[in-house]
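Okay, so here's the structure we're looking at.
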Amino acid sequence: LGLCYEYGKGVDQDLKEAVRWYKLAAVKGHARAQNNLGVLHRLGRGVPQSETTALEWFRKSAAQGLAHAQFSLGTSFLDGVEVPQNVAEAARYFLQAAEQGHVGSMNNIGVLYKKGGHGVTKNEATAASWYRKAAEAGCAGGQCNLAECYYHGKGVTTVSYTHLRA
């Protein structure tokens, strides 16, 4: 019912009512409701904006393996939003979500492998591999990053076509 009230599907849109239904499910351990409640707190929709409360709900949801919540936590740690910036922790969450098929996380973990540092070992081949997965899933960022790998010959096997010149 939370989704119905949040988006006005079959009922009048009512964010406060959406929060009420999400919270009923979230306190009972429903991972998607926890994540959705975190999103509403992050954005201040139907509740006062609170990144701290959003992170609490994202942590509960991510602990149950929900990729969207893992991505949200990864973003928070990468940017240092209400938590100390921790690139290694961001990478851990992005990797968990990427392994479940979350395309934004696939691209982000690729970026972290490409850059290296802060607890992430630089590995351009691994970066390109994640970019490829993101690209094949339709992620524009992954497509752009993979193209750059080929353009610069970083992390990919390139083929020379100079023999085709006249």
Heavy-atom pair of closest approach, residues [X] and [Y]:
X: Lys114; Y: Lys122; value: O-CE, 3.3 Å
X: Ala91; Y: Ile109; value: O-CD1, 3.5 Å
X: Lys23; Y: Leu37; value: CA-CD2, 3.8 Å
X: Asn107; Y: Ala134; value: N-CB, 3.9 Å
X: Val156; Y: Cys149; value: CG2-O, 3.6 Å
X: Ala97; Y: Ala67; value: CB-O, 3.5 Å

Beyond-backbone contact of [X] with [Y], side-chain heavy atoms, under 4.5 angstrom:
X: Glu51; Y: Ser76; answer: yes
X: Asp14; Y: Trp21; answer: no
X: Thr75; Y: Val81; answer: no
X: Arg59; Y: Gln34; answer: no

### Task
Using a cut-off of 6.0 Å, state whether more than 12 heavy atoms not belonging to Arg92 lie near its atom CZ.
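For Arg92, atom CZ is crowded (more than 12 foreign heavy atoms under 6.0 Å).
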
### Message
Surrounding NE2 of His118 (heavy atoms of other residues, nucleotides or ligands, distance under 6.0 Å), is the total greater than 12?
### Response
no

### Task
Report the C-alpha separation of Phe58 and Leu66 in whole Å, then their side-chain angles, then the decisive distance to 0.1 Å, and conclude whether the side chain to side chain contact (heavy atoms under 4.5 Å, CB included) test is met.
CA-CA 9 Å; Phe58 290 146; Leu66 190 72; over 6 Å; no

### Query
How would you list, by chain and number, every residue that makes a ring pair (Phe, Tyr, Trp, His ring centres under 6.0 Å) with His30, sequence neighbours excluded?
none

Shared hydrophobic cluster for [X] and [Y] (ILVMFWY, side-chain gaps under 4.5 Å):
X: Met106; Y: Tyr113; value: yes
X: Leu112; Y: Tyr93; value: no
X: Tyr150; Y: Tyr131; value: yes
X: Leu24; Y: Val11; value: yes
X: Leu40; Y: Tyr5; value: no

Whether [X] side chain and [Y] backbone form a donor-acceptor pair below 3.5 Å:
X: Gln85; Y: Asp79; answer: no
X: Glu89; Y: Pro84; answer: no
X: Gln64; Y: Gly29; answer: yes

Rounded distance [0.5 Å steps], [atom1] in [X] versus [atom2] in [Y]:
X: Leu146; Y: Tyr151; atom1: CG; atom2: OH; value: 15.5 Å
X: Cys139; Y: Lys133; atom1: SG; atom2: NZ; value: 14.0 Å
X: Leu43; Y: Gln49; atom1: CG; atom2: CD; value: 8.0 Å
X: Asp12; Y: Glu17; atom1: CG; atom2: CD; value: 11.0 Å

### Task
Let me see the working for Arg42 and Leu55 under side chain to side chain contact (heavy atoms under 4.5 Å, CB included), right down to the final yes or no.
CA-CA 8 Å; Arg42 175 170 272 175; Leu55 289 172; 4.2 Å; yes

#### Entry: Residue list, side-chain contact (heavy atoms from CB on, under 4.5 Å) with Leu3, at least two apart or on another chain
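side-chain contact (heavy atoms from CB on, under 4.5 Å) list for Leu3, sorted by chain: Glu6, Tyr7, Tyr22, Asn36.
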
### Query
Run the side chain to side chain contact (heavy atoms under 4.5 Å, CB included) check on Glu56 and His41 step by step: do they pass?
CA-CA 10 Å; Glu56 290 172 13; His41 278 280; over 6 Å; no

### Task
Fit a plane to each ring of Phe94 and Phe71, take the angle between them on a 0 to 90° scale, and name the class: parallel (under 30°), tilted (30 to 60°) or perpendicular (over 60°).
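Because their plane-to-plane angle lies in the 30° to 60° range, the rings of Phe94 and Phe71 count as tilted.
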
### Steps toward side chain to side chain contact (heavy atoms under 4.5 Å, CB included) verdict (His102, Gln96)
CA-CA 9 Å; His102 189 277; Gln96 288 173 0; over 6 Å; no

